[in-house]
Engineer: 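Just passing along the structure, written as C-alpha cells.
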Amino acid sequence: MKKNHTDSIRARSLLHKKYLAIHARQSIQDVLELLANQDETLSILVTDADGKPLGCLNAELLLLYLMDGSIDELDSGEMPSGFAGKLSSPVAVLQLEKLVRLAPDDNLAIMLLRAREGSSEWLLVCDGDRIIGQVTINDLYLAAASLTLAGGEADLPFQKH
Amino acid sequence: MIAATSKPVTILKSILGFLRSAPAYIRKDLKFDASAAMTIAVLGIPQAMAFASIAGLPPVTGLYTSIVSCILAALFGSSNHLVTGPSNVTCMMIFSVSAHLAVRYSIAPLEIALLLAFLSGLMQIAFGLFKMGGTVKFISNSVVMGFTTGAAILIATNQLWDFLGMRVARSGSSQLFSTLGETFLSWTSINPLGLLIAGLTLMIVMVTKRRFPKLPAPLLALLTASLLVLILGLSRDKMGDFRIVVVGDESRISGALSIWHLPQLLRRPNWSLISEVVTSAFSIGILGLIQSASIARSLATQSGQRIDFNREFVAQGLANTVGSFFQCFPSAGSFNRSAVCLQAGGKTRMAPLLSGVITAAFLVWLGPLTNYVPKPAFAGLLMATAYYMIDTKRFMMIWRTSKNSKLVLGGTLAATLLFSLQNAVFIGVFLSVATLLHVTGKPDLTQLMQRPDGGFEEVPFKKAGKYPVALVNLEGDFYFAAVDDLDYELMQCITTETRVVVLRMKRLRAIGSSAMTMLDHFHDLLEEKGIRLIVCGIEDELRKLLTVSGLREKLGEQNIFYADNRIFQSTELALARARSLVAEGRRMHEPAKGVQSENTLPLAAQLMNRRFLRFGMGHQIREALWLLTEMIKSGRGSPRPMLFLQDTEGRMADGLSLREFFNELTRHPGFHSHPDASTTELAEYLRDGYTQPINSLVEGVMQSVPGSAELPAVLAASARNHGGPVPVLDEEGRMTGLIEHKQILVELLRYAHQQAARADSKASNHTKSGDNDANDRKKKGKASV
C-alpha cells in the first residue's frame, strides 16, 4: 500500500525556528511599531524579565485594546482621545492569549487538537522549558488540507458534483 | 512464435466459423441478400454500361467491372452494403486521362484504363496496409462537392455529342470549353432521331424516378428506347444520316465470359506512358477511396455496422489491381447501388457479391441483347445521372456556410472545369489546407472583463475600456505562423492606464519555439513601457516550454499561474496578483497619497488593498478549502488569509477567516477522542461535512465601510469585527477592497507619530513663547531703568 507522506508529520517537521518576542515591560507603542513593520506575522510572544513566555499578543488584541471605550468617539468621526496614553502603557496591561504548547514529537492529530483548543495564530514548540520554535496555524491548515486531498480521485475538489 | 501461429489459427477458426454458420445463413439471411442482389443488378447493369461510355470505353467493360470488382470488394471488404463497380466520377477521370494519351501513344484507351486500375489499386492496398484510412478525412466536404459538381457538368457536356446523335468523330478532349466548342461547330451533324431517343430516355428516367421511385428507371428507359429502335428499325443502314448508333456498332457483346486479359502495358511497359499516368492513378485511387469510405460510413450510420476502413481500402485496392487482369477499369463504391442494397434488405456482404454473380449470368445469357441498346439512350441516361449528381441544396448550404467553404468549393469546381480532373482534387485539398492555415493562423484575442458576480465576459480590445489590468484571453493555435506579429497585436490591449497585462493561455494548442520567442519579445515590449506581464492557465506542456526557454525565470515564478481543473481558478489568482502589483505601483509612485497632509485622516479607499479572494456562495466547503490552500502555498496571501463570500449579484455576504475554516474542519468529535488517530482517520474526520455548501458558514455579521469612510470609521468597523480586517464595499454592496490588519496598525502608528510631533511642536512653541516673554520683560526693565 502506498505510504501516506503525512504519517511522518510531527511538530518538529513543521516548526519555524524564528518567532517574534517582546518583553512584558515594553510599551504598547513598541508592539505597534514591531507589528506594523512585519509582513509575515501578526502575533508576538510576550515574555517576562527572565525570558519566560507569558502569553501571546496578536494584532486583534492590540487593536481591541487601543479602541476599547472609544467606539462612540470613532462613530462620531473622532480619533480616540486616550490613544496616546494607551500607547505608553506596558504590554503587561493587556489580556494576553493563552499559550498553546507542543512537544517536538507531537503528531498531527495532537497538533490539530491543540490548535483548535486555542485561538492563537501559532503554537509554541518547547523541548522541556526551552522554546525551540513555533508552528503556525497556516502550516497546520496546509497539512490538514493535504490529507483531504490524499484520499483518491473521488475526494478531489472541483470535480463534477 | 505464439504470434506467428495465432494468425493462421484465427483465419482457420474464422473459416470454420463461417462453415458452421453457413446452414443458419442459408435459412435466415440468404433470401434477403438474394433479393437485394437482384435489385442491385437490375439497377446496375444499365448504369455499368452507361458509365463505361463516360470513360470512353466499350460498354461491356462496365459489366466486367460490375462483376469482378464488385465480387472482390465484397469478399475482402468490411461493409455489408457497399457495392463496388463503375462510378461516374472515376469514369470521367479515366476519360480525361485515357482519351488524349490513347491518341498520343496510339494505344487502345482500355489499356490505359487497365493500367490506371492496376496502379491505383496498388496505391489503395498500400494505404490500407499502412493503416492510412484516416487520411481521407483531410479531404473536406467542400472539395468533394466542388469536384462532384464539376464532374457532373463535364459528364453532361461530354454526353452532349451522343445526346444529339452526332455521328462524326470527336477529338477526344474532355475539356469543358473545347467539348462545347467542338459540339457547337458540328451542329450540322445533329441527328434529330438520336436527339429524340435521348430526350425520351431522359424523360422516362426523370418521370419514373419522380412518380414511381420503386421502379428501376434506368432499365425501363433503356428497354423502351431499345425496343423502339428495334421495332422501328432506326438502327438499320437504310436510315442513312438518321440512323441511330447502337452499342453493337462499336464492340459487340458476344455473351461469352472470357474476360481474362493481361494488360498490354504490363506485358510491355511503356515507362514514358506509365510516368504520365502515375499522378492520375493516385488521384483516381484517392478519389475512389474517399467515395467508397464516405458511402460506407454513411450506410453504416443507418445500419449500425462498424466499418474497418483500412480493410475496406485493401479490398478496394484488390478489386482494382486484380480486376485490371479481367478488363475492369478503376472502380469505386456506388452510392445508388449501395443505398439500394441497404433499402432492399441486404444483410451481409453476400448481397453485393451475389449482384456480381447475377450480372455475370446476365452477361452470359442476355448479354447479346445489349448490342441493340441505342447510344443516344445511354447519353440520355447519363444526362439524368449528371443532373442527379448535382446536389444543389447541399451545394448552396456549403456555399453559404463561410467564406472559406465558398473559396474551396468554388476553387475546386473551377479547377475541375478548367484544368485536368486528376489535378482538381489536389487543388481542392491545397485550398482546404490553405484556408485552414489561414483560419488557424491567428489565435483569437479577446479581453476578459470580470463581472460583478465574479464571472468573466469576453469583449473585443476596442470595447474593453481603460483599466490598470488588461486580461487577455488567447485561444487557438500558437504555432509559428500564428504568432507572427502577434506581440504587436497584443500591444493593442495597452491603454494609457495599463499597468499589468495578464495573458490567459489555457486554450492554446500547437505551441512551439516561435511562440516562446514572441512571448519573450512581448515581455520586453511591456517592460520598456513599465508594464508587468503575468501569465495564467499554464498547462504542463507550456510550463515545460517556459522552463526550457528560460522564460519561466524571466517572468518570475510569482507571475506564472498554472491551470487546474477549475475554470478560471488560475485566472482569478493571476488577477489578484495583478491588482496587488497595481496597488504596489501606486504606493511607490504616489507616496503622499496615503495621507494627504499631516492633519488629514486617510480615507478607506486609500487604505484598501485590492488583493482579496472572492468566492461564490454556491460552492462547497472543500472548494474553498482548496482555494485557501493554494493562496497560502503561493505565499502571496496575508498572514491571516480570508475568503469573502458573495452572492450571485456580487454583493459581499460575509468574510471567513482561516481560523474559522480551521475550526470548521476540525469540529469532528474524533479529534478530541482520538489523539493518536492515523492520517487516514484524520482525513475521514476532516472530510466529514466538507461537501456542505459554503453558505452554511455564513453569519453575515462582518462590518464593512464605504470607500469614502475616514480612519475613525474604519477603526470602529475593525473594533466591531473583533479587531479584524475591514472590507470596503461600493454603493451596491460589492467588495472593492480590503483594509487588512497591518494597514490599520500602520495608520495608527502614523497617527501616533503625528500626535507626538504635534505635541513636540506645541511644547517647542510654548518654550519659544516663554523666552520671548522674558526678553520683553528684560526690554521693559531696561526701558524702565
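Because only heavy atoms are used, hydrogens play no part in the values below, and waters and symmetry mates are left out as well, while side chains stay in. Letters A, B, ... mirror the listed sequences (proteins, then strands); counts begin at 1.
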Engineer: Quick one: CG on B:Leu749 to CG on A:Leu35, what's the gap to the nearest 0.5 Å?
Structural biologist: 10.5 Å

Engineer: Quick one, B:Arg667 and A:Arg116 - any side-chain contact, counting heavy atoms below 4.5 Å?
Structural biologist: yes

Engineer: Measuring heavy-atom distances to chain A, does B:His753 have an atom under 4.5 Å in its side chain, in its backbone, in both, or in neither?
Structural biologist: side chain

Engineer: Are there over 12 heavy-atom neighbours, none belonging to B:His722, within less than 6.0 Å of that residue's NE2?
Structural biologist: no

Engineer: When only heavy atoms count and the cut-off is under 4.5 Å, which of residues 59-78 of chain A reach chain B?
Structural biologist: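 Residues of residues 59-78 of chain A touching chain B at under 4.5 Å: A:Ala59, A:Glu60, A:Leu62, A:Leu63, A:Leu64, A:Leu66, A:Met67, A:Ile71, A:Leu74, A:Asp75, A:Gly77, A:Glu78.
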
Engineer: Please classify the contact between B:Ala713 and chain A as side chain, backbone, both or neither, with a heavy-atom cut-off of under 4.5 Å.
Structural biologist: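 Only the backbone of B:Ala713 comes within 4.5 Å of chain A.
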
Engineer: Could you look at B:Ser718 and say if it's the side chain, the backbone, both or neither that has a heavy atom under 4.5 Å from chain A?
Structural biologist: side chain

Engineer: Less than 4.5 Å apart, side chain to side chain, heavy atoms only: is that true for B:Leu748 and A:Met79?
Structural biologist: yes

Engineer: How are the rings of B:Tyr751 and A:Phe83 set relative to one another: parallel (under 30°), tilted (30 to 60°) or perpendicular (over 60°)?
Structural biologist: tilted

Engineer: Under a 4.5 Å heavy-atom cut-off, does chain A meet the side chain of B:Asn721, its backbone, both or neither?
Structural biologist: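 No part of B:Asn721 comes within 4.5 Å of chain A.
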
Engineer: From A:Tyr141 OH over to B:Leu628 CG, what is the distance, rounded to the nearest 0.5 angstrom?
Structural biologist: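 The OH atom of A:Tyr141 sits 4.0 Å away from the CG atom of B:Leu628.
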
Engineer: Side chains of B:Glu740 and A:Leu42: does their closest heavy-atom pair fall under 4.5 Å?
Structural biologist: no

Engineer: Tell me which of these, B:Glu684, B:Gln755, B:His672, B:His741, has more heavy-atom pairs under 4.5 Å with chain A than the rest.
Structural biologist: B:His741

Engineer: To the nearest 0.5 angstrom, please state how far the CG atom of A:Leu147 sits from the CD atom of B:Glu681.
Structural biologist: 11.5 Å

Engineer: What part of A:Asn107 is in contact with chain B, defined as an atom under 4.5 angstrom from a non-hydrogen atom: side chain, backbone, both or neither?
Structural biologist: side chain

Engineer: At under 4.5 Å between heavy atoms, what parts of residues 19-32 of chain A are in contact with chain B? List them by residue number.
Structural biologist: A:Gln29, A:Leu32

Engineer: Measure the spacing between CG of A:Leu112 and OG1 of B:Thr666 and express it to the nearest 0.5 Å.
Structural biologist: 6.5 Å

Engineer: Between A:Ile137 and chain B, with a heavy-atom cut-off of 4.5 Å, which part of the residue counts as in contact: side chain, backbone, both or neither?
Structural biologist: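 Backbone plus side chain of A:Ile137, per the 4.5 Å heavy-atom cut-off to chain B.
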
